[in-house]
Novice: 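The following block contains the structure, expressed as structure tokens.
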Amino acid sequence: MKDTAFTDHAAGDTAIFERRESEVRSYCRGFPAVFTRAQGSTLTDAEGREYTDFLAGCSSLNYGHNDPDMKAALLAHITDDGIAHALDMYSAEKAAFLETFERLILSPRGWDHRVMMTGPTGTNAVEAAIKLARKVTGRRNVVAFTNGFHGMTLGALALTGNASKRAGAGTELNGVTHMPYDGALGADVDTLEIVEAMIENGSSGVDKPAAFVVEPVQGEGGLNAASDAWLKGLDALAKKHGILMIVDDIQAGIGRAGGFFSIDGMGIEPDMVPLAKSLSGFGLPFAMLLVKPELDIWKPAEHNGTFRGNTHAFVTARVALEKFWSDDAFLTEVQEKGEHLEARLDRMRRLIPGARLKGRGMMRGIDVGDGELAEAICARCFEQGLIIETSGAEDEVVKVLAPLTTPMEQFDRGLDILEAAVREKTAKPMAAE
């Protein structure tokens with residue numbers, strides 16, 4: 001039987017979305033196409049037009065779309081009537097994932113963290129982290145940082161700095177003290193000294209926190225990247241005062257802005273690490289929280305959820321770990337691409353007076369200083385076949401989140417489209433240097 005619904009969608013008809021889907025929809029407004037296929041770093045729409053993907057599901061597709069090895073393993077699992085849903089019961093797929101994660105990720109770092117399966121979104125992993133921090137310490141206050149983004153459920157939203165997102169709560173967001181992130185008050189101000197002074201001054205009005213919650217690179221906040229020294233100093237301050245260190249690596253982790261973790265090589269061993277986005281490797285919903293064993297004081301089912309642990313994601317995540325993290329080849333390639341991206345973006349930055357290069361690794365962008373200009377650049381990119389978004393408090397940063405597996409030739413084609421859009425919107429022709 002012919003699938004007429006699919007035929008309508010394949011014709012590029014967006015009427016059903018406009019008629020039936022909530023006004024809260026977002027990305028489709030900037031990328032008004034009906035997508036039907038995806039492979040690697042390429043999306044194809046209903047009209048057969050191909051787009052290079054520099055959004056990658058907001059870093060949920062670090063390994064690209066439909067990796068063939070993950071897909072084969074998943075199809076085999078489904079075809080063999082493998083478990084689809086198991087709550088938090090034991091399964092062979094969960095065991096295989098945990099053993100692989102232990103062998104390739106935890107053990108090489110000397111980490112002994114427990115793995116807590118949370119609901120399938122990053123915000124749930126963050127909620128679990130702050131709930132556990134309060135349970136362990138008996139303290140309520142949590143310190144988060146300016147421009148941070150940690151999720152849209154109420155606890156995680158209280159940690160988030162963005163005013164427009166906070167406004168959607170419709171209620172008080174409390175239990176959190178916001179402190180200035182590295183560089184938030186200008187290059188000449190050591191914000192860590194401010195944090196330390198407020199924590200150590202018994203009359204500062206800041207209750208001793210249960211935890212610091214920090215993104216090493218702030219994805220939605222505008223690609224602000226904390227220095228190694230600042231993060232190490234924050235970790236030392238946490239240890240000095242018995243404050244738990246929670247590193248939110250949901251967007252910056254899994255190769256995007258460092259090693260597997262964005263803090264690799266810094267000598268930091270966080271108390272907790274929320275992970276999600278590219279954790280499944282395949283774009284499947286999957287989140288978890290790494291917890292030091294001595295902090296794992298949950299009672300059974302004290303924090304649960306119907307979809308804690310995604311068995312299909314266990315299958316693809318295990319393949320991703322074995323394929324990309326068994327040796328240093330993938331990470332070396334990603335680091336080389338990151339350096340190439342930095343050089344290309346720096347050339348574009350010089351076309352815009354006052355523009356700044358931001359981020360690190362393969363999580364970089366250009367702060368063009370103006371949300372309207374950034375939006376115009378991204379819109380022109382889409383017209384030319386490149387999907388790329390903005391970030392920052394005023395959407396002033398053009399943000400590159402290309403899949404880490406993007407072939408160099410396609411990577412450069414995408415960057416060429418971006419550079420042409422920058423030149424067009426700033427009246428700098430391609431011939432100019």
Side-chain angles (χ1 to χ4, degrees), residues 26-27 29-31 54-60 122-123 126 144-152 156-157 159-168 178-187 189 191 213-227 230 248-253 256-257 262 277 338 341-342 344-346 348-382 386-402 414-415 418-419 421-422 425-426:
S26 173
Y27 288 105
R29 300 180 190 276
F31 312 120
F54 272 18
L55 176 59
C58 273
S59 205
S60 294
T123 193
V126 171
F145 294 89
T146 52
N147 289 299
F149 177 82
H150 300 279
M152 298 294 278
L157 188 58
L159 302 171
T160 294
N162 186 279
S164 64
K165 290 180 172 62
R166 290 173 64 86
H178 288 87
M179 297 281 190
Y181 190 76
D182 190 18
L185 302 179
V189 178
T191 59
V213 184
V214 63
E215 299 165 278
V217 182
Q218 296 181 322
E220 302 306 305
L223 296 181
N224 306 304
S227 69
W230 190 87
D248 182 343
D249 234 6
I250 290 169
Q251 187 167 144
R256 177 60 63 182
S262 65
K277 288 194 181 287
L341 175 60
E342 180 181 22
R344 288 294 308 267
L345 291 179
D346 192 53
M348 299 178 212
R349 173 197 61 79
R350 295 197 295 268
L351 301 171
I352 307 170
R356 295 183 294 151
L357 191 63
K358 302 189 73 177
R360 60 181 166 92
M362 282 286 281
M363 189 175 180
R364 293 188 187 273
I366 308 171
D367 182 343
V368 302
D370 179 359
E372 289 187 6
L373 175 58
E375 183 179 354
I377 290 170
C378 291
R380 181 57 178 159
C381 286
F382 181 71
L386 177 68
I387 296 174
I388 188 170
E389 71 161 344
T390 62
S391 73
E394 306 296 332
D395 295 317
E396 72 281 4
V397 178
V398 177
K399 179 167 86 170
V400 178
L401 289 179
L415 292 171
L418 176 57
E419 182 172 345
V422 169
K425 297 304 177 182
T426 56

Novice: Does S391 reach the side chain of F149, with side-chain heavy atoms less than 4.5 Å apart?
Specialist: no
Novice: Working note: D249 + S262, criterion side chain to side chain donor-acceptor pair (under 3.5 Å); need CA distance, chi angles, decisive distance, verdict.
Specialist: CA-CA 7 Å; D249 234 6; S262 65; 2.5 Å; yes
Novice: With rounding to the nearest 0.5 Å, note down the distance linking CD1 in I366 to CG in L418.
Specialist: 5.5 Å
Novice: Using every non-hydrogen atom in the two residues, find where R166 and T160 come nearest and quote the distance to one decimal.
Specialist: NH1-O, 2.9 Å
Novice: Considering non-hydrogen atoms only, spot the tightest contact between A421 and I377 and give its length.
Specialist: CB-O, 3.7 Å
Novice: Nearest 0.5 Å, what's the CG-CG distance between N162 and N147?
Specialist: 8.5 Å
Novice: Taking all non-hydrogen atoms of both residues, which atom of D182 and which atom of S227 are closest, and how far apart?
Specialist: OD2-N, 2.9 Å
Novice: Are the side chains of H150 and V213 in touch, meaning some heavy atoms are under 4.5 Å apart?
Specialist: yes
Novice: Do V214 and W230 pass the side chain to side chain contact (heavy atoms under 4.5 Å, CB included) test, and can you show the C-alpha distance, the side-chain angles, and the key distance before you say yes or no?
Specialist: CA-CA 11 Å; V214 63; W230 190 87; 4.0 Å; yes
Novice: Step by step, would you call C381 with F54 a side chain to side chain contact (heavy atoms under 4.5 Å, CB included)?
Specialist: CA-CA 10 Å; C381 286; F54 272 18; over 6 Å; no
Novice: Can you run down the salt bridge (charged side-chain N to carboxylate O under 4.0 Å, His left out) pairs that involve residues 359-373, sequence neighbours left out, and say none if there aren't any?
Specialist: E342-R364, R356-D367
Novice: Let me see the working for E375 and K425 under salt bridge (Lys or Arg N to Asp or Glu O under 4.0 Å), right down to the final yes or no.
Specialist: CA-CA 10 Å; E375 183 179 354; K425 297 304 177 182; over 6 Å; no
Novice: So F382 and F31, would you call those rings parallel, tilted or perpendicular, with 30° and 60° as cut-offs?
Specialist: tilted
Novice: What is the distance from atom CG of L351 to atom CD of E419, rounded to the nearest 0.5 Å?
Specialist: 6.5 Å
Novice: Is there side-chain contact between R344 and R349, with at least one heavy-atom pair below 4.5 Å?
Specialist: no
Novice: Quick one: pull up CG in L415 and CG in L386 and give me the separation to the nearest 0.5 Å.
Specialist: 8.0 Å
Novice: Give the minimum heavy-atom separation between T390 and C378, together with the two atoms involved.
Specialist: CG2-SG, 3.7 Å
Novice: Where do L341 and G361 come nearest, in terms of heavy atoms and distance?
Specialist: CD2-O, 4.2 Å
Novice: Which class fits the ring pair F145 and Y181: parallel under 30°, tilted 30 to 60°, perpendicular over 60°?
Specialist: perpendicular
Novice: What I'd like to find out is whether the side chain of V126 reaches to under 4.5 Å of the side chain of I250, using heavy atoms alone.
Specialist: yes
Novice: Checking L223 against M363 for the side chain to side chain contact (heavy atoms under 4.5 Å, CB included) test, could you report, in this order, the C-alpha distance in whole Å, the side-chain angles of both residues, the deciding distance, and whether it holds?
Specialist: CA-CA 7 Å; L223 296 181; M363 189 175 180; 3.7 Å; yes
Novice: So does G222 get a backbone contact from the side chain of K358, meaning a donor-acceptor N/O pair under 3.5 Å?
Specialist: yes
Novice: Would you say that V422 contacts I352 through its side chain, given a criterion of any heavy-atom pair below 4.5 Å between the two side chains?
Specialist: yes
Novice: If every non-hydrogen atom of R256 is compared with every non-hydrogen atom of A56, which pair is closest and at what distance?
Specialist: NH2-CB, 4.4 Å
Novice: So do the side chains of I388 and V398 get within less than 4.5 Å of each other, counting heavy atoms only?
Specialist: yes
Novice: Using distance alone, with no hydrogens and no angle criterion, decide if Q218 and Q251 have a side-chain donor and acceptor under 3.5 Å apart.
Specialist: no
Novice: Please determine whether side chain to side chain contact (heavy atoms under 4.5 Å, CB included) holds for the pair L345 and V400, giving the CA-CA distance in whole Å, both sets of side-chain angles, and the decisive distance to 0.1 Å.
Specialist: CA-CA 9 Å; L345 291 179; V400 178; 4.3 Å; yes
